[in-house]
Amino acid sequence: MRLRHIKGAEEQIAESPYVIQDPQGLKGKWHEFFGNQNPIRIEVGMGKGKFIMELAEKNPDVNYIGIELYSSVLLRGLQKRSQLELSNIYFMRIDALELADVFDAGEVDRIYLNFSDPWPKERHARRRLTSREFLARYEEILADGGLVEFKTDNRSLFDFSLEEVKESGWELLVCTYVLHHDKALMEGNVMTEYELKCSNLRNPVHELVIRKPNRNAE
Ligand code: SAM
């Protein structure tokens, strides 16, 4: 998602109490920051943040951090955030490439990837958020047993992701090509903005859930 640049977006983000301004400074101190030992879950590429804000409302005992690359997109999320009385959700404007600069080993309990950019050209495969390079970054910051949950309507990206998961030795816990037809999986499913559009168009949504490998057991 890329919105037209909004004048003053950077300034508004820099002043927002909901945006972490120096996330690198909190590496290893996130539980201290939240003031509790609740699990920390992040969404990478949150867009306008509908999904993660709904999760935060539903689960007050979980800490959430929404990550978005573009200021103009994040700004839209902030407008909604300001209407909510929540202490368990913050945002940061960083590139997913920087995750290991922001989180210490094992600090994150779960990572959500929703309708990530497909980067269809082969030479851009490493930029896909489910590439083996990104899985290795997630492995660094996830706690033992930590999960990645990924939803998309892009079949090529989904099939690519399954290959990368296999190559990287992650455990595949859930794999469906038709999430919205799976009653059990739909229980508690929170729709993202893109997912709502897919649902309205009756486009199938694919989902996988994977667990970080236990390298000690190998
Ligand atoms: N997750 C939302 C949803 O499902 O409605 C938005 C999906 S949108 C297609 C993908 C989002 O990921 C965009 O807002 C884009 O700016 C963001 N994004 C793409 N690459 C990113 C990266 N490397 N780091 C952080 N965010 C990224």
Which heavy atom of [X] sits nearest a heavy atom of [Y], and at what distance?
X	Y	answer
G169	P213	O-CB, 3.3 Å
Y70	E68	N-OE2, 3.0 Å
L157	R128	CD1-CD, 3.8 Å
N38	P60	ND2-O, 4.3 Å
F34	Y64	CZ-O, 3.9 Å
I65	I52	O-CD1, 3.4 Å

_Test side chain to side chain contact (heavy atoms under 4.5 Å, CB included) on V108 and W30; report intermediate values, then the result._
CA-CA 9 Å; V108 173; W30 284 101; over 6 Å; no

Any donor-acceptor pair under 3.5 Å from [X] side chain to [Y] backbone:
X	Y	answer
T176	V178	yes
E98	Q24	no
W170	E139	no
E207	F150	no

Is there a continuous path of hydrophobic side-chain contacts, each under 4.5 Å between heavy atoms, that joins [X] to [Y]?
X	Y	value
V148	L173	no
F158	L185	no
L129	V209	no
L113	L97	yes
V44	L142	yes

[Y] side chain reached by [X] side chain, heavy atoms, under 4.5 Å:
X	Y	answer
F91	I67	no
L147	I111	no
Y177	V205	no
M46	L74	yes
D153	H206	no
I42	M92	no

Check the angle between the aromatic planes of Y112 and F51 and answer parallel, tilted or perpendicular using the 30° and 60° thresholds.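 If you compare the ring of Y112 with that of F51, the planes turn out perpendicular.
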
About how many Å separate [atom2] of [Y] and [atom1] of [X], when rounded to the nearest 0.5 Å?
X	Y	atom1	atom2	answer
R110	E43	CZ	CD	13.5 Å
I141	K27	CD1	NZ	10.0 Å
N203	R155	CG	CZ	13.5 Å
M191	E54	CE	CD	10.0 Å
R215	D144	CZ	CG	12.0 Å
N59	I89	CG	CD1	11.0 Å

F134 six-ring face occupied by R137 cation (under 6.0 Å, within 45°):
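So R137 does make the cation-pi contact.
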
Distance under 6.0 Å and angle within 45° of ring axis: K197 vs Y194: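 Yes, a cation-pi geometry.
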
Presence of salt bridge, [Y] and [X], under 4.0 angstrom:
X	Y	value
E133	R126	yes
K183	E187	no
E164	R132	yes

### Task
Determine, stepwise, if the pair C198 / F115 fulfils side chain to side chain contact (heavy atoms under 4.5 Å, CB included).
CA-CA 10 Å; C198 290; F115 298 82; 3.8 Å; yes

Partners meeting side chain to side chain donor-acceptor pair (under 3.5 Å) with [X] (sequence neighbours left out):
X	result
N154	none
R127	none
E195	K151, H180, N189
N36	N63

Surrounding NZ of K29 (heavy atoms of other residues, nucleotides or ligands, distance under 6.0 Å), is the total greater than 12?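 No, NZ of K29 has 12 or fewer neighbouring heavy atoms, counting only those of other groups under 6.0 Å.
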
| query | So does H181 have more than 12 non-hydrogen atoms from other groups sitting under 6.0 Å from NE2? | reply |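 Counting other residues, nucleotides and ligands, NE2 of H181 stays at 12 neighbours or fewer.
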
Item to complete: Tell me, with the steps shown, if L162 and C175 meet side chain to side chain contact (heavy atoms under 4.5 Å, CB included).
Response: CA-CA 9 Å; L162 284 171; C175 175; 3.9 Å; yes

Please list all pairs meeting salt bridge (Lys or Arg N to Asp or Glu O under 4.0 Å) that have one or both residues in residues 170-182, counting only residues at least two apart or in different chains.
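Qualifying pairs: E171-R211.
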
- prompt: Given the rule in the side chain to side chain contact (heavy atoms under 4.5 Å, CB included) test, do I210 and L208 qualify, once you have shown the distances and angles that lead to the verdict?
  reply: CA-CA 6 Å; I210 52 177; L208 61 80; 3.7 Å; yes

For residues 79-92, pull every pair meeting side-chain hydrogen bond (donor to acceptor under 3.5 Å, both in side chains), keeping only residues two or more places apart or in separate chains.
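Listed once each, the pairs would be none.
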
